[in-house]
Amino acid sequence: MVSSPAPPRDTARLVRTVIWIVLALAVIGGVAWYAVFAANKEQKAAPPAPGSEQLVRENSYRLTTPAVEKAQLVEFLDFECPSCGSIHPVVEELKAEFGDRITFVNRHFPLAAHANSGQAALAAEAASQQGQYQEMASRLFETQSQWAGQQTSQAPLFRTYAEDLGLDLALFDAAVADQQTEERVLADIADGEALGVHGTPTFFLNGEKLTLTTKADFRQKLADAVK
């Protein structure tokens, strides 16, 4: 059997040279690809995760506007929630006492278990478009025992509240039916869920979720916050 002749010395050297060139190009190409990838990754980086802006948005309802804000109290509420209705007078008292130092903020969080909480939120939103959010919110809480727990729609009743407040009913009706009004409520719900809100009322004082036991405890936390 005849063996194949060995390649000439120059041919072997040429083969080795070609191999090294290919390897060098591969390394250079890898470095270039990584640089492009890193640059694209930096450019396409996800925006910062929502944080404090989830708690209070630009369009959130600020019930008080102190000249010098020392604290901020945010409430996620449901107009049909009995606990929200019970604590509403307390919040009103605290607002009168601390409103010159604390910004009180309301946000919607209607619960699925309450058949008319969503309609109540829409009514408050529609009233807000005519500058009477607080008036409608107070009316809904003050009359809660009359409509809460009903399985039929209470939208006609809420419309009478709008009439009592002197609102333009055509504008009110249009706002209630507007998809953007519903989206405004849903946006509050989404923020609440992102912040760990599961029930109502849920309060945040300077970004910290409160655990309340008594009216005196509530008042003391606010007093401590403005010292």
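The figures that follow rest on heavy atoms only: side chains count, while hydrogens, waters and symmetry mates do not. Here the structure is a predicted model, which means the values were calculated and not measured.
A ring-centre distance under 6.0 Å is not found for F203 and F76.
Hydrophobic cluster membership differs between L169 and M136, with clusters built from Ile, Leu, Val, Met, Phe, Trp and Tyr side chains linked at under 4.5 angstrom. L122 and L171 sit in two unconnected hydrophobic clusters of ILVMFWY residues. Membership requires side-chain heavy atoms under 4.5 Å apart, directly or through other members. Residue L165 is grouped with residue V176 when hydrophobic side chains (ILVMFWY) are merged at heavy-atom distances under 4.5 angstrom, including chains of intermediate members.
The backbone N or O of P66 sits nowhere less than 3.5 Å from a side-chain atom of D100 that would complete a donor-acceptor pair. Put simply, the side chain of R107 gets close to the backbone of L55: a donor and an acceptor are under 3.5 Å apart.
Here the closest non-hydrogen pair linking F172 and R159 is CE2-CA, 4.0 Å.
More than 12 heavy-atom neighbours from other residues, nucleotides or ligands sit within 6.0 angstrom of CD on E183. The environment of Q179 atom CD is dense: over 12 non-hydrogen atoms of other residues, nucleotides or ligands sit within 6.0 angstrom.
Taking a cutoff of 4.0 Å between a charged side-chain nitrogen and a carboxylate oxygen, E93 and K215 qualify as a salt bridge. Electrostatic pairing of K227 and D224 counts as a salt bridge here, judged by a charged N lying under 4.0 Å from a carboxylate O.
Under the 3.5 Å distance criterion, with hydrogens and angles disregarded, a donor-acceptor pair is assigned to the side chains of E125 and Y61.
Just one of F158, F141, F79 meets the ring-ring contact (aromatic ring centres under 6.0 Å, His included) condition when paired with W147; it is F158.
The NZ atom of K221 lies 6.5 Å from the CG atom of L212; values are rounded to the nearest 0.5 Å.
Here the side chains of P110 and E80 are not in contact, with every heavy-atom distance at 4.5 Å or above.
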